[in-house]
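This report refers to the structure that appears directly beneath it.
This chain uses plain numbering: 1 for the first residue, then up along the sequence.
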Amino acid sequence: MLGLPLPGAVAGMLLLLAGLLALGRVPQALERAAGGLLQHTMLLFIPAITGVMLHFDRIAQEWRPFLVAGVAGAAVTLAATAGTLHWLLRDSQSERPDEQERP
């Protein structure tokens with residue numbers, strides 16, 4: 001609608017994020033719906049897996065870029081997850097009282 005080179009799914013997720021931040025909580029109906037989707041997440045990968053199987057001959061010819069992309073993507077994901085966990089643990093420890101201050 002705005003003419004931006006942004007997929008509709010990404011725009012929808014950004015609008016959802018903005019709405020949740022403005023509301024300050026997750027509505028119970030959204031939490032239930034998201035929980036149901038998370039239980040069946042594997043179903044969301046079926047179209048991608050089918051697309052890979054349709055182009056198996058091309059993947060067999062160009063396996064190196066797929067391998068590099070897979071390993072690099074996994075490494076970036078692992079590093080981002082570890083950094084986020086480290087940041088969250090550091091923030092949660094600063095909010096807790098020290099061992100000596102506890103009764």
Taking distance alone, no hydrogens or angles, what donor-acceptor pairs closer than 3.5 Å link side-chain atoms of residues 38-48 to residues at least two apart or in another chain?
| unit_1 | atom_1 | unit_2 | atom_2 | d |
| --- | --- | --- | --- | --- |
| Thr41 | OG1 | Leu37 | O | 3.4 |
| Thr41 | OG1 | Leu38 | O | 2.8 |

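- In this structure, Glu31 has no salt bridge (charged side-chain N to carboxylate O under 4.0 Å, His left out) partners at least two apart in sequence or on a different chain.
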Expected list for residues 7-21: side-chain donor-acceptor pairs under 3.5 angstrom, two or more places apart:
none

Name each donor-acceptor pair under 3.5 Å that joins a side chain in residues 77-86 to protein atoms two or more places apart or in another chain, with its distance.
| unit_1 | atom_1 | unit_2 | atom_2 | d |
| --- | --- | --- | --- | --- |
| Thr77 | OG1 | Gly73 | O | 2.8 |
| Thr81 | OG1 | Thr77 | O | 2.8 |
| Thr84 | OG1 | Ala80 | O | 2.8 |

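- Each salt bridge (charged side-chain N to carboxylate O under 4.0 Å, His left out) pair with one or both residues in residues 63-81, not counting sequence neighbours, would appear here, but there are none.
- Evaluation of the salt bridge (charged side-chain N to carboxylate O under 4.0 Å, His left out) test over residues 34-49, restricted to residues two or more places apart or in two chains, returns none.
- Membership of the apolar cluster around Ile59 extends to Val52, Phe66, as traced through chained side-chain contacts below 4.5 Å between ILVMFWY residues.
- Clustering of Ile, Leu, Val, Met, Phe, Trp and Tyr by side-chain heavy atoms under 4.5 Å joins Leu67 with Trp63, Val71.
- Listed by first then second residue, pairs satisfying salt bridge (charged side-chain N to carboxylate O under 4.0 Å, His left out) with a partner in residues 40-59 read Arg58-Glu62, not counting sequence neighbours.
- If you chain together ILVMFWY residues whose side-chain heavy atoms come under 4.5 Å of each other, Val68 ends up in a group of its own.
- Taking the side chain to side chain contact (heavy atoms under 4.5 Å, CB included) definition, one finds that Arg25 meets it with Leu23, Pro27, sequence neighbours left out.
- Considering only residues two or more places apart in sequence or on other chains, Trp87 meets the side chain to side chain contact (heavy atoms under 4.5 Å, CB included) condition with Arg90, Asp91.
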